[in-house]
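Here the structure comes first, spelled out in structure tokens, and everything after it is commentary.
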Amino acid sequence: MPELPEVETVRLGLVRLIIGLAVESVTSDNQKSFPNAIADVEQFLIGAKIVGVRRRAKVLLIDLDSSYSLVIHLKMTGQLVFRGKESFGAGHPTSSLIGQLPDKSTRVILNLSEGAVLYFNDQRKFGWMRLIPTSEVENIDFFKKVGPEPLDTDFTSQVFIERLMRRKNSNIKSVILDQTVLAGVGNIYADESLWGAKIHPSSRVVDIPKPRLKNLHTELIYVLKLAIEKGGSTDRNYVNAEGKKGSYMSFARVFRRENQPCPRCGSVIIKTRVAGRGTHTCPKCQKT
DNA sequence: CACTTGACCTGTCCGC
DNA sequence: TGCGGACAGGTCAAGT
């Protein structure tokens, strides 16, 4: 499910909803989703106050005043859904994708102060959350290897192209999906940005003219920013911190639009497999 | 070393 | 309606 724009949307919601609240109790339905030892949870999570919510790549960090942080990766089907006291009343929003919580995909429940609850749902159990000292976050293997944030101002086209060249013999799609090259891109925004730059996903990096790669840099930033503005993409699972859908899918140009016309040239969009992933392209606009 | 493939899980959709 | 197989937005380990 969530790529950079979806995780960022969840973060923006959580910043509004949970900062200042304290964790009162925690329950987890399996060891994999939340592997921390009970003793650590008791000492550094229970009673701690939430002081910040950050994002790096597709990872969320909930900072606590115990000098520990909850590190959360939603992987494919994870959700973090907040319910305040008032959410349980009769005026419950109908636009919510999910109903009564907890449901059968609920893995962890964080009971917060003021009657609020944060649910970590994850149908496929690929996601996880872990409690670690805030000062050690940067030492997690993933963070040591992960590439730059594409929306940072110092992520120039020069930096982008330089990093693409580290894998110059691979197909471009698998390279922009590689989190060590740049952070945050997943299958949706890979397809969307490659279409925008008129690049075929299986082109080898080294065979793509530099100006095209520059276009790809522009398109990636454009698509990620637009998707944040639209609250992310809801295909099946993704919801924001209030349990509501994102609307980028109705702006998508190729993703999940197989058999429909290309918005640029009218050709029929096709779905194939590149880098082991479902891949959407316009056969006329994206020639190799 | 660079690069590709399969595994991790559960649910859904599609064809027979 | 039931059943088997393919597939689903991410990442890592193990393979070539």
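A note on names: the letters A, B, ... follow the listed sequences, proteins ahead of strands, and every chain is numbered from 1.
An aromatic stacking contact between Y238(A) and the base of dG9(C) is absent, as defined here by ring centres under 5.5 Å apart and ring planes under 30° from parallel. Where stacking is scored as ring centres under 5.5 Å apart with planes under 30°, F142(A) does not register as stacked on the base of dT11(C).
G276(A) comes within contact range of no nucleotide atom at all, as no heavy-atom separation falls under 4.0 Å. Note on N169(A): only backbone sugar-phosphate atoms sit closer than 4.0 angstrom, heavy atoms only; bases stay farther off. At the heavy-atom level, G127(A) lies nowhere under 4.0 Å from the strands shown.
Counting only N and O atoms by type, the side chains of S69(A) and T134(A) include a donor and acceptor under 3.5 Å apart.
Listed pair Q179(A) / dG10(C) fails the phosphate criterion, with no side-chain N or O lying under 4.0 Å from OP1 or OP2. Proximity of N237(A) to the phosphate of dG9(C): no side-chain N or O atom is located under 4.0 Å from OP1 or OP2. Of the side-chain N and O atoms in H73(A), none sit less than 4.0 angstrom from OP1 or OP2 of dG10(C). Contact annotation: R204(A) side-chain N/O to dA2(B) OP1/OP2 distance is not under 4.0 Å.
Both distances falling under 3.5 Å, in either a Watson-Crick or a G-U wobble arrangement, occur for no nucleotide opposite dC9(B).
Taking atom P in both dC9(B) and dA14(C), the straight-line distance is 15 Å, to the nearest Å. When the P atom is compared between dG9(C) and dC13(B), the two are found 15 Å apart, to the nearest whole Å.
You'll find that the side chain of K145(A) is closest to dC12(C), out of dC12(C), dG9(C), dG11(B). Candidate nucleotides dC9(B), dT4(B), dT10(B) were compared by shortest atom distance to the side chain of K32(A), and dC9(B) ranks first. Comparing dC7(C), dT4(B), dC12(C) by their nearest atom to the side chain of K271(A) picks out dC7(C). Taking only side-chain atoms of K75(A), from C-beta outward, the nucleotide of dC3(B), dC9(B), dG10(C) with the closest atom is dG10(C).
Computed from coordinates, the K125(A) NZ to dG11(B) P distance equals 9 Å when rounded to whole Å. Between the CE atom of M76(A) and the C1' atom of dG6(B) there is a distance of 13 Å, rounded to whole Å. Here the P atom of nucleotide dT4(B) and the CZ atom of R277(A) are 14 Å apart, to the nearest Å. Between the CZ atom of R107(A) and the C1' atom of dG11(B) there is a distance of 11 Å, given to the nearest Å. Atom-to-atom, CZ of R124(A) to C1' of dT10(B) comes out at 7 Å; the value is rounded to the nearest Å. When the P atom of dG10(C) is taken as reference, atom CD1 of I188(A) falls 7 Å away, rounded to whole Å. Whole-Å rounding puts the D235(A) CG to dC13(B) C1' distance at 13 Å. The CG-P distance, from L177(A) to dT11(C), rounds to 9 Å in whole Å.
Considering Y248(A), Y222(A), F255(A) in turn, Y248(A) is the only one that fulfils the ring pair (Phe, Tyr, Trp, His ring centres under 6.0 Å) rule with Y189(A).
Comment: K173(A) engages D191(A) in a salt bridge, judged by a side-chain N to carboxylate O separation of less than 4.0 angstrom.
When each of A275(A) and R236(A) is assigned the nucleotide of DNA chain B bearing its nearest heavy atom, the one mapping closer to the 5' terminus is A275(A).
Separating the OH atom in Y68(A) from the CD atom in E136(A) is a distance of 7.0 Å, to the nearest 0.5 Å.
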Let me see the working for E149(A) and R55(A) under side-chain contact (heavy atoms from CB on, under 4.5 Å), right down to the final yes or no.
-> CA-CA 10 Å; E149(A) 288 291 325; R55(A) 178 190 61 76; 3.0 Å; yes
For ring-ring contact (aromatic ring centres under 6.0 Å, His included), just list the numbers for F126(A) and H73(A), CA-CA rounded to whole Å, side-chain angles, deciding distance to a tenth of an Å, and then say yes or no.
-> CA-CA 9 Å; F126(A) 289 172; H73(A) 201 311; over 10 Å; no
